[in-house]
Structures are given as structure tokens and as C-alpha cells.
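For reference, the structure discussed in these notes is given below.
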Amino acid sequence: MHTGGEPLRVVPRLEAAEAAVAAAGLSLLELRRHMAAAQDHVRRALMHEPRGHRGMYGALVVRGGAAVGDADLAALFLHGAGYSAMCGHAVLALGRFALDYGLVAAPRRPETAVRLRCPCGVVTAFVPWDGHRSGNPVRFHSVPAFAAATDVPIDVPGRGKVVVDIGYGGTFYAFLSAEQLGLDVCSSKTRDLVSAASAVTEAVKKQFQLHHPESEDLAFLYGTILTDGRDAFSEEPTTNICVFADEQVDRCPTGSGVTARIALQYHKGLIQLNQSRTFRSSTTGSLFTGKAVKETKFGDYNAVVVEVSGEAFYTGTATFTMEEEDPLKYGFFFK
Ligand SMILES: O=C(O)[C@H]1NCC[C@@H]1O
């Protein structure tokens, strides 16, 4: 599938993961650790070349057991460098997938709620359903999202001092305008935006200590989002590019990034509850909309639940082969 251009290679089930969940009663976060430690070749084979590419993204669907709990299904999110905590574009696609592949009993017309457990918690996707087939747009309600820090001075080696905001939308991102790095998010070369954003990520990781209210597993900086600086409310789209994991570029406006950015905007009084904004990807021009729908608390943080809406489409089905004697059977990755 793809959502706004960002790929989602869906693994509908994996026996090794189901066996681990069933045998040891693993939670989803425990399964995430288990996959990284014992089954990582599955991710590498599916994300890396020659079956994948540097921008490939995936979801491993989990259908039952403690990893799913009271949700309809669960998912681990796979990218080129590991396993993320949240992925909005995947949630939008998996909402459709869950209905079309019968993972939700008795879907309702005109819209069905799909409860999807992600490593960061349960999010609910709302999916159009005509009785036979899912449709678009899909929207989801996030886990509580919050401003972790605002106006943090960061020294980026070789690039000088910048000021970033750090937001959480199921995973943590640093945000700053591309202008602070002498770039334009709409017209600069993608490779320049990527290397600048990656330098910021590395610097923030060294200079700012993240804290997650529930789990240290989730207290990591996933990436940096460069923006056009248009954070004050406007009917016009605001453009951004998300560079996450190991210099991976999101092709869509980034569902978890939109969530975190709205939490920051709400925290700063730049947007009201239920005021919708449109977010545009600088890579493909694809659009998501987002709005804060409810105030809540998360640990000590004042938080908001954010609704993100976008379109996901099927691209095909695939069966992959791994020949035992292939020295590159689990793929390869280079920069
Ligand atoms: O939409 C999102 O949230 C994701 N897209 C790729 C990077 C993020 O996980």
C-alpha cells in the first residue's frame, strides 16, 4: 500500500511472531524487542535491497494474544534501521487493510472504527466502508500528544546554533524551520534537507534528554522535521519534510509528525481545538489534515488527542523468495 506516496509493505501474518506471542504471552513492546533481537533478518530482507529500497517502510500485523489485548489488531512498524513506536501513514493504510482482509468482525456502514495497538499505545482509525470495500479518506485519533520542550538551543556541528521544538505524537521529533539552516523546504535539494535534518537529529540526541511518561523503550528521538515555519494558524497548507531513522525520507506529510506538530502549536496557542490545518509533504506534495480534538493529560504533560486524515491506496501483492544459498538473502543496505 502507500499513503500519500509513503510505501507500506504489509506483512499480514508471521508465524515466528505469533509463536513468540503465544508461547511467552508477549506484550507488543516485548514483541518489538524480541523481533529486533531474534528475527531482525525478516525486517532486513523486506526493507532493504534487493526486495526493498532506502525509503521502504513496513508493518507486521499481529492478530491475537497479549500483544493485541483489547484492540482489533496490533502492528509493529518496520523501517530501514529498525522498529518505530508510531506511524501515522501505516495506521491510515492498516485501517483499510483491516476491513478489506476481514480483521474486524461485522464492519459498519458508512464508517467503522478500527482499534489498532501500536507500540506507543492504541490508536483508533475511522474507515469508510460501503459494505464490501473500504474507502478514503481514513482518519485516526492519536495517543496523547504533547510538547516535550520548546525553544531549545542546539549547537549543530558545522552548521551553527539553531532553536528547536521537541514534540511527541506517539514518537518524538525535533522541529525547526529549514530557514534556520539556510534552506528552503519547498525548493532546496532533498539531499541537502536530509543531511541538515540528520545533523540536527544527531545533535539533539546528544544535547537533550528525552523522557517518556510510560516506557523508556519509547524515549528516543525518531527524526527531525524541517518546516516552512508557518506555524501560526492559516487556511493555507504548511509544508514539511520528515527525515527519520537512518536518513530515511518520508514521502507523505508524516502522520505522527502532524500529531506532534499540532500538539506543539496547541501548546503555543497557535491553534484551537477542532481547527483544521493542512500539511503538505515537500517530497510528493501529498496532503494530510490534522486538528486537536480533545485535551487530556499524559503523565505530567498537558496533552491533546489529535485527529489526522489522509488517503491510502493498494499497490499490489507480492510473494518473496529467499534461497538458502543466496549470500545476500537477507538484503543489503548502503549509503
Ligand atoms: O506517517 C508517519 O507517522 C510515518 N511515516 C514514516 C515515518 C513515520 O513513522
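Worth saying up front: this structure is predicted, and the values here are computed from it rather than measured. Ligands are counted one by one from 1 in listed order, and the atoms in each one are counted from 1 as well.
Residues that satisfy the side-chain contact (heavy atoms from CB on, under 4.5 Å) test with Ser286, not counting sequence neighbours, are Cys252, Pro253, Ser281, Thr284.
In the model, Asp40 has a side-chain atom that pairs as donor or acceptor with a side-chain atom of Tyr83 under 3.5 Å. For Ser134 and Arg96, the side-chain atoms include at least one donor-acceptor pair closer than 3.5 Å. When only modelled atom types and interatomic distance are considered, Arg251 and Thr283 share no side-chain donor-acceptor pair under 3.5 Å.
In summary, Arg117 and Asp70 engage in a salt bridge, as defined by a charged side-chain N under 4.0 Å from a carboxylate O.
Side-chain atoms of Asp228 come within 3.5 Å of backbone atoms of Thr239 as a donor-acceptor pair (strictly under, hydrogens ignored).
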Can you list every pair where an N/O of ligand 1 is under 3.5 Å from an N/O on the protein?
from, atom 1, to, atom 2, distance (Å)
ligand 1, 1 (O), Gly88, N, 3.4
ligand 1, 1 (O), His89, N, 2.8
ligand 1, 1 (O), Gly255, N, 2.7
ligand 1, 3 (O), Gly88, N, 2.7
ligand 1, 3 (O), Gly255, N, 3.4
ligand 1, 3 (O), Ser256, N, 2.8
ligand 1, 3 (O), Ser256, OG, 2.6
ligand 1, 5 (N), His89, ND1, 2.9
ligand 1, 5 (N), Asp250, OD2, 2.7
ligand 1, 9 (O), Tyr57, OH, 3.2
ligand 1, 9 (O), Met86, O, 3.3
ligand 1, 9 (O), Tyr222, OH, 3.0

